[in-house]
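Please read the structure below before turning to the comments.
Labels below follow one simple rule: chain letters A, B, ... track the order of the sequence lines, proteins then strands, and each chain is numbered from 1. All values below were derived from every heavy atom in this structure, side-chain atoms included, with hydrogens, water molecules and symmetry-related copies excluded.
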Number of protein chains: 2
Amino acid sequence: MLAFDVYEDRCPTRMVLDRLADKWALLILDRLHDGPVRFNHLRRDIKGISQKVLSQTLKKLERDGLISRQVFATVPVTVEYGLTDLGRTLTDTVAALAHWAERNMDAVVAAQKAYDAAAR
Amino acid sequence: MLAFDVYEDRCPTRMVLDRLADKWALLILDRLHDGPVRFNHLRRDIKGISQKVLSQTLKKLERDGLISRQVFATVPVTVEYGLTDLGRTLTDTVAALAHWAERNMDAVVAAQKAYDAAAR
DNA sequence: CGGTATCCCGTTTGATACTG
DNA sequence: CAGTATCAAACGGGATACCG
């Protein structure tokens, strides 16, 4: 079980956990695992995210020190997002969570069907 | 990196990942790690969660086959929530994520201060 | 005890347009 | 290319009240 304070309201750990409990953040962190990616590339790769939400999420992750933003003075300007050292310490765990989802999605979908079939 | 389909919109893996990307769900799953817990006990332990949201989250987790709900015909009625076998396969990973948050919250908070100090 | 129903409001999101 | 600005619409979540 987790440390006691994780269950406390307004503790720093909970704030961090809150930030990680975001599907876009998890997908972005994982997508950056292989190296830096540009803004619109990320936007295209992560299907369904809007420009606005991608921008907001990247800003939060940068503020948390998990990703870095590097601007290149090309015309037009190019921006690359990559993991920081801190961010890299997290990707294995994120990948583990996502891989659980990949491995067990069939079981989850089956459970949902069984639950729904029980007619609530 | 994750399998390609994780980045696809409306894929089952993403649905599962969405569900896990919920701070309350993560806290509940972890809290049930040591054994079944009653509704109001859970409500008291996980500070800040409302009755409504706890009820909703438990229902979703039960539908996903991650937790089980057992009703005892006492007066008044008693309800215990516990992990299913499927749920138990997930708790280690959830704990890893939360422990990362515990270990690295100082670094994250420091990064936030540095970012904010840079005056945006 | 363990919920559900209702109202209501703040936050989030999507769509669209615009800019350095 | 990589964003920001703005507005409306949708959603989630808190407060409260009530029920088996």
Side-chain angles (χ1 to χ4, degrees), chain A residues 7-10 14-15 17-28 31-32 35-64 67-82 115-116 118-120, chain B residues 9-10 14-15 17-28 31-32 35-64 67-82 115-116 118-120:
Chain A
Y7 299 105
E8 289 298 326
D9 214 354
R10 299 179 210 293
R14 274 267 280 262
M15 287 182 200
L17 198 60
D18 266 30
R19 182 65 36 87
L20 298 180
D22 173 345
K23 76 166 175 175
W24 298 124
L26 295 178
L27 287 170
I28 289 170
R31 185 60 192 78
L32 297 182
V37 183
R38 284 184 297 107
F39 185 87
N40 278 335
H41 195 137
L42 217 39
R43 180 155 144 66
R44 273 189 303 274
D45 282 1
I46 300 179
K47 306 291 195 309
I49 195 169
S50 70
Q51 192 174 32
K52 181 181 171 181
V53 171
L54 176 57
S55 175
Q56 287 170 348
T57 308
L58 287 171
K59 212 174 290 183
K60 287 179 192 170
L61 290 172
E62 188 194 357
R63 179 169 180 268
D64 289 346
I67 66 174
S68 61
R69 180 175 182 275
Q70 197 173 359
V71 183
F72 298 93
T74 53
V75 179
V77 67
T78 302
V79 180
E80 272 188 2
Y81 291 91
Y115 184 95
D116 293 345
R120 325 274 167 151
Chain B
D9 214 354
R10 299 178 209 292
R14 273 267 281 261
M15 287 182 199
L17 198 58
D18 266 29
R19 182 66 33 88
L20 300 180
D22 173 346
K23 75 166 175 175
W24 298 124
L26 295 178
L27 288 170
I28 290 170
R31 184 61 190 79
L32 296 182
V37 182
R38 283 185 297 108
F39 185 87
N40 278 334
H41 196 137
L42 217 40
R43 180 155 142 68
R44 273 189 301 275
D45 282 1
I46 300 179
K47 305 291 194 309
I49 194 169
S50 70
Q51 192 174 33
K52 180 180 172 181
V53 172
L54 176 58
S55 175
Q56 287 172 346
T57 308
L58 287 170
K59 211 174 290 180
K60 286 179 192 170
L61 290 172
E62 188 195 358
R63 186 170 106 97
D64 291 346
I67 66 174
S68 61
R69 180 176 184 274
Q70 197 172 359
V71 182
F72 298 94
T74 53
V75 178
V77 67
T78 302
V79 181
E80 272 188 3
Y81 291 91
Y115 184 93
D116 294 344
R120 325 276 166 149

(Q) Between Leu27(B) and Tyr7(A), does the side-chain contact (heavy atoms from CB on, under 4.5 Å) criterion hold? Intermediate values first, please. (A) CA-CA 7 Å; Leu27(B) 288 170; Tyr7(A) 299 105; 4.2 Å; yes
Q: With side-chain contact (heavy atoms from CB on, under 4.5 Å) as the test, would you mind laying out the steps for Tyr81(A) and Val37(A) before giving the verdict?
A: CA-CA 5 Å; Tyr81(A) 291 91; Val37(A) 183; 5.9 Å; no
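Using a 4.5 Å heavy-atom threshold, the side chains of Tyr115(A) and Lys59(B) count as touching. In this structure, Thr78(B) and Arg38(B) have side chains that are in contact, with non-hydrogen atoms separated by less than 4.5 Å. No side-chain heavy atom of Ile49(A) sits under 4.5 Å from any side-chain heavy atom of Leu42(A).
Across all strands shown, Arg38(A) has heavy atoms under 4.0 Å from sugar-phosphate atoms exclusively, and none from any base. In this structure, Phe72(B) reaches neither bases nor backbone, as no heavy-atom distance under 4.0 Å exists between it and the strands shown.
Among all heavy-atom pairs drawn from Ala21(A) and Leu26(B), the shortest one is CB-CD1, 4.3 Å. For the residue pair Phe39(B) and Leu54(B), the shortest heavy atom distance occurs at O-CD2, 3.7 Å. When all heavy atoms of Ile28(A) and Leu61(A) are compared, the pair lying nearest together is CG2-CD1, 3.9 Å.
The C1' atoms of five pairs define one axis at each end of the helix from dC1(C)-dG20(D) to dG20(C)-dC1(D), and these two axes lie 60° apart (to 10°).
Residue pairs satisfying the salt bridge (Lys or Arg N to Asp or Glu O under 4.0 Å) criterion with at least one member in residues 39-55 of chain B, sequence neighbours excluded, are listed as follows: Glu8(A)-Lys47(B), Arg31(B)-Asp45(B).
At whole-Å resolution of the value, CD1 in Ile67(B) and C1' in dG2(C) are 14 Å apart. Between Gln70(B) atom CD and dG2(C) atom C1' there is a gap of 15 Å when expressed in whole angstrom units. The separation between Leu42(B) atom CG and dC1(C) atom C1' is 14 Å, rounded to whole Å. Rounded to whole angstrom, the span from the NE2 atom of His41(A) across to the P atom of dC1(D) amounts to 12 Å. The separation between Arg44(B) atom CZ and dG3(C) atom P is 13 Å, rounded to whole Å.
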Q: At under 4.0 Å between heavy atoms, which parts of nucleotides 4-20 of chain D does protein reach? Answer with one letter per nucleotide, 5' to 3': B base, S sugar-phosphate only, - none.
A: B-B------BBB----B
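Residue Tyr81(A) places at least one side-chain N or O under 4.0 Å from the OP1 or OP2 atom of dG3(D). Between Arg69(B) and the phosphate of dG2(C), there is no side-chain N or O to OP1/OP2 separation shorter than 4.0 Å.
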